[in-house]
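Heads up: the structure comes next, in structure tokens.
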Amino acid sequence: MNKPITILGFAGSLRKNSYNKSILRAARELAPGDAKVEIFDLEGIPPFNQELETQMPEKVKEFKAKIKAADAILIATPEYNYSIPGVLKNAIDWASRPYGDNSFQDKPVAVMSASMGMLGGARAQYHLRQTFVFLNMHPINAPEVIVNFADEKIDEKDRVIDGETREKIRQLLESLIAWTRRLRKE
Ligand SMILES: Cc1cc2nc3c(=O)[nH]c(=O)nc-3n(C[C@H](O)[C@H](O)[C@H](O)COP(=O)(O)O)c2cc1C
């Protein structure tokens, strides 16, 4: 049997009842037997300061180590002003540094987004994909998990209750796992 795939997931929201945290937890629940999703909370990552690159804050060191140890990355992003939240960009900027030590180098990645709006954060996903180019990551293209009207699909206990959304998340994981194994020529 192939070695299990480890997926590091993080959400671009610090909100306790974040819809994006909810879809990430659903991914952890729905992961197939040959994969495990670990969730990293971005809370506590300070604002990026290039002067501190050579003395990385402990939380950033932990984040970089988890990314490097993972076989693949799963990001759940809110959409803020048609783009990704500063919290997410800030964490990505830290983990991409110092120059020559980009923790995301060569990693397969999948994206999900959730919003109460009709477009479900789709615009933020496309901004994030642009960043993957410079990070030299390898995103999967399909399926797209764009959770619109999130307040109708996630209940007051922060559980994803919409069957179609759960199925899309399951398919996304399957696709990310297959892509990861393909890149490794397994
Ligand atoms: C500063 C700010 C800007 C926002 N801009 C957008 C937007 O451009 N598009 C959108 O669909 N929702 C927008 N929203 C609504 C967020 O998508 C919504 O608050 C969402 O629940 C945030 O994700 P979370 O639940 O994971 O925290 C914005 C919210 C904030 C606070």
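Counting convention: from 1, in listed order, for ligands and their atoms alike. Quantities reported herein were computed from a predicted structural model and do not represent experimental measurements.
Residues Glu164 and Lys153 form no side-chain contact, since every pair of their non-hydrogen atoms from C-beta on lies 4.5 Å or further apart.
Between the side chain of Asn148 and the backbone N or O of Ala114 there is no donor-acceptor pair closer than 3.5 Å. For the pair Ser175 (side chain) and Ala142 (backbone), a donor-acceptor distance under 3.5 Å is present.
Of all the atoms in ligand 1, the ones that sit under 4.0 Å from a non-hydrogen atom of Asn20 are 23 (O), 24 (P), 26 (O). Residue Arg15 has at least one heavy-atom neighbour below 4.0 Å for each of these atoms of ligand 1: 21 (O), 24 (P), 25 (O), 27 (O).
Contact annotation for atom 13 (C) of ligand 1: protein present (non-hydrogen atoms, distance under 4.0 Å). Counting protein heavy atoms under 4.0 angstrom from atom 24 (P) of ligand 1 gives one or more.
Counting protein heavy atoms only, atom 27 (O) of ligand 1 is closest to Ser13 OG, 2.7 Å. For atom 8 (O) of ligand 1, the nearest protein heavy atom (residue, atom name, distance) is Tyr82 N, 2.8 Å. Summary of contacts: the protein heavy atom closest to atom 22 (C) of ligand 1 is Pro78 CB, 3.8 Å. Of all protein heavy atoms, the one lying nearest to atom 21 (O) of ligand 1 is Tyr19 CD1, 3.4 Å.
The ring of Phe104 has its center no closer than 6.0 angstrom to the ring center of Phe132.
Of the candidates Met116, Glu79, Lys16, it is Glu79 that places a heavy atom closest to atom 6 (C) of ligand 1.
Using a 4.0 Å heavy-atom cutoff, Asn81 is listed among the residues neighbouring ligand 1.
Under a cut-off of 6.0 angstrom, the local environment of NZ in Lys59 is crowded, with over 12 non-hydrogen atoms contributed by other residues, nucleotides or ligands.
Salt-bridge formation is not detected for the pair Lys107/Asp71: no Lys NZ or Arg NE/NH1/NH2 atom is positioned less than 4.0 Å from an Asp or Glu carboxylate oxygen. Salt-bridge formation is not detected for the pair Lys16/Asp158: no Lys NZ or Arg NE/NH1/NH2 atom is positioned less than 4.0 Å from an Asp or Glu carboxylate oxygen.
Grouping Ile, Leu, Val, Met, Phe, Trp and Tyr by side-chain contacts under 4.5 Å, direct or through others, puts Ile23 with Ile5, Ile7, Tyr19, Leu24, Leu30, Val37, Ile39, Leu74, Met112, Met116, Ile140, Val145, Val147, Ile154, Val160, Ile169, Leu172, Leu173, Leu176, Ile177, Trp179, Leu183.
At least one N/O-N/O distance between Ser18 and ligand 1 falls below 3.5 Å. Geometrically, ligand 1 and Ser115 share a nitrogen or oxygen pair separated by less than 3.5 Å.
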